[in-house]
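Heads up, the thing below is written out as structure tokens.
Below, chains carry the letters A, B, ... as their sequence lines are ordered, and counting in each starts from 1.
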Amino acid sequence: MRDRSLQLLDWYDVHARSMPWRVPPAERKAGALPDPYGVWLSEVMLQQTTVAAVRDYWRKFMGIWPTVADLAAAEDADVMAAWAGLGYYARARNLLKCARAVVADHGGVFPSDRATLLTLPGIGPYTASAVAAIAFDAPETVLDGNVERVMARLYDVHTPLPAAKPELMALAEALTPRERPGDYAQAVMDLGATICTPKSPACGICPWRDGCAGRIAGTATGLPRKTPKKAVPVRRGIAYVARRADGAWLLETRADKGLLGGMLGFPGSDWSDDPQPAPPMLADWQVLDATARHTFTHFHLELTILWAVVAEDAVPERGHFVGHDTYSPASLPTVMRKVHDLVADSLPIR
DNA sequence: TAACCGTGGCC
DNA sequence: TGGCCAAGGTT
């Protein structure tokens, strides 16, 4: 078993992917470790999110808030705006909570042990192990989607996810070496991301091909098995886009919890089978001849757009006007940016 | 425990 | 083109 993990480390020494938050294996072997703050930030951003999508966001955040103390001192709205487009916005809210907890409860120094990391907001079983292993070289085992797939194939596990998680975790733990656990964690995930991929695994060039039970049995490509998901329903809603005569846009900060929590958006109705109109102010609302469509994790949304131009002294019942000079569609979640894009060209105001 | 929670790329 | 998928956490 030990030999098998060392084989993977040899492979990683040659094939490690380069990432801005990562310290290459040659430097880690010489004793260098990455900044725990940067590792934690990358791991939170990478939750259910591709490396390609994270790269630029990570650089942006590290540029604006280079230390955990800087992030802890940031304005909530600035962090939410910077996170806009990356999705799963509870991560951004928990990111701030976590940064402030590290400053308030841990002297601004990231804890190095898994158990303490687990007590922090937004850090669950995977992220706690990942930060401990990658930032501190602690002998922890990471179990993410990559590792689940690699283990299911390596040991030909047919139990469907998520029921198979404890079994896959036990297999992954048994394989974790005492030497270079941080590199090993990154190596298994790199293997899953580049060789042992979901659809067409490149078994021919896999460092673990010889002992892979799934490859030998011919079952690898179909693993891991997963319990079927249920179909996603369609919900509908109404979005109201009000422009003031001076060009200002009517926006609303959404409630802190739930879908798009804490994000900026256009006021609107509920999203349901039968949405009830809920205009944010009295105005001559016009129906836009275009529907905004967007798919969330668990439902499709079709948004009818109503727009209006209102006087400069108009006072909304909900939301607040944002001046044309400070308004930035990039700071909106994607569904709201779609609404913006559809309506922007049609309005009689620039 | 299972539902909730985004987005963009891929085939 | 639409379902699948990605370095999951919270409730």
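The distance from atom CG of A:L86 to atom P of B:dC5 is 18 Å, rounded to the nearest whole Å. Across the protein-nucleic acid pair, A:R93 atom CZ and C:dG8 atom P stand 19 Å apart, rounded to whole Å. Atom pair A:Y88:OH and C:dA6:P shows a separation of 12 Å (rounding to whole Å applied). In this structure, the CG atom of A:L143 is 10 Å from the P atom of C:dG9, given to the nearest Å. Here the P atom of nucleotide C:dA6 and the CG atom of A:L161 are 10 Å apart, to the nearest Å. Look at CG on A:D256: it is 20 Å from P on B:dC4, rounded to the nearest Å.
Checking the phosphate oxygens (OP1, OP2) of B:dG6, no side-chain nitrogen or oxygen of A:H294 falls inside 4.0 Å. Distances shorter than 4.0 Å separate some side-chain N or O of A:H298 from OP1 or OP2 on B:dC5. Close to C:dG8, at under 4.0 Å from its OP1 or OP2, lies no side-chain N or O of A:Q47. Between A:T49 and B:dT7 there is no side-chain N or O to OP1 or OP2 distance below 4.0 Å.
Between C:dA7, C:dA6, B:dC5, one nucleotide has an atom nearer to the side chain of A:P198 than all others, and that is C:dA6. In the set C:dA7, B:dG6, C:dA6, the nucleotide with an atom closest to the side chain of A:R91 is B:dG6. You'll find that the side chain of A:R22 is closest to C:dA7, out of B:dG6, C:dA7, B:dC4.
B:dG6 and C:dT1: their P atoms are spaced 27 Å apart (whole Å). Of the P atoms belonging to B:dT1 and C:dA6, the separation is 22 Å, rounded to the nearest Å. Between C:dC5 and B:dC5, the distance separating the two C1' atoms is 16 Å to the nearest Å. A gap of 15 Å separates the P atoms of B:dC10 and C:dA7, to the nearest Å.
A donor N or O paired with an acceptor N or O is not found under 3.5 Å between the base of C:dA6 and the side-chain atoms of A:R149.
Taken residue by residue, residues 118-134 of chain A places heavy atoms nearer than 4.0 Å to DNA chain C at A:P121, A:G122, A:I123, A:G124, A:P125, A:Y126, A:T127. For DNA chain C, the neighbouring residues in residues 31-43 of chain A, judged by any heavy atom under 4.0 Å, are A:E43.
With 3.5 Å as the limit, one finds no donor-acceptor pair spanning the side chains of A:S272 and A:D274. For A:N146 and A:R149, the side-chain atoms include at least one donor-acceptor pair closer than 3.5 Å. Side-chain polar atoms of A:Q186 and A:R22 form a donor-acceptor pair below 3.5 angstrom. A donor and an acceptor atom, one from each side chain of A:Y126 and A:E43, are located under 3.5 Å apart.
For the pair A:R254 and A:W271, the cation-pi criterion (under 6.0 Å, within 45° of the ring axis) is fulfilled.
The residue A:M263 sits apart from the nucleic acid: no heavy atom pair falls under 4.0 Å. Among the heavy atoms of the strands lying under 4.0 Å from A:T297 is at least one base atom, whether or not backbone atoms are also near. At a threshold of 4.0 angstrom between heavy atoms, the contacts of A:W83 with the nucleic acid are absent. In this structure, A:G85 reaches the sugar-phosphate backbone alone: every heavy-atom distance under 4.0 Å involves primed, P, OP1 or OP2 atoms, never a base. Among the heavy atoms of the strands lying under 4.0 Å from A:R337 are primed sugar atoms or P, OP1, OP2 only; no base atom is included.
Taking hydrophobic clusters as Ile, Leu, Val, Met, Phe, Trp and Tyr residues chained together by side-chain heavy-atom distances below 4.5 Å, A:W58 does not share a cluster with A:L33. Linking ILVMFWY residues whenever their side-chain heavy atoms come closer than 4.5 Å, directly or via other members, places A:L117 and A:V102 in the same cluster. Linking Ile, Leu, Val, Met, Phe, Trp and Tyr residues whenever their side-chain heavy atoms come within less than 4.5 Å places A:V188 and A:L9 in a single cluster.
You'll find the ring centres of A:F296 and A:H298 outside the 6.0 Å limit.
The 5' end of DNA chain B is approached more closely, in terms of each residue's nearest nucleotide, by A:P162 than by the other of A:P162 and A:Y89. In terms of position along DNA chain C, the nucleotide closest to A:D144 lies nearer the 5' end than the nucleotide closest to the other residue of the pair A:D144 and A:N94. Nearer to the 5' terminus of DNA chain B, by closest-nucleotide assignment, is the contact made by A:F299 (compared with the other of A:T50 and A:F299).
For residues 70-85 of chain A, the pairs satisfying side chain to side chain donor-acceptor pair (under 3.5 Å) are A:T67-A:D70, A:D76-A:R100, with sequence neighbours left out.
Across A:Y327, A:F321, A:Y240, A:W307, a single residue satisfies ring-ring contact (aromatic ring centres under 6.0 Å, His included) together with A:W249, and that is A:Y327.
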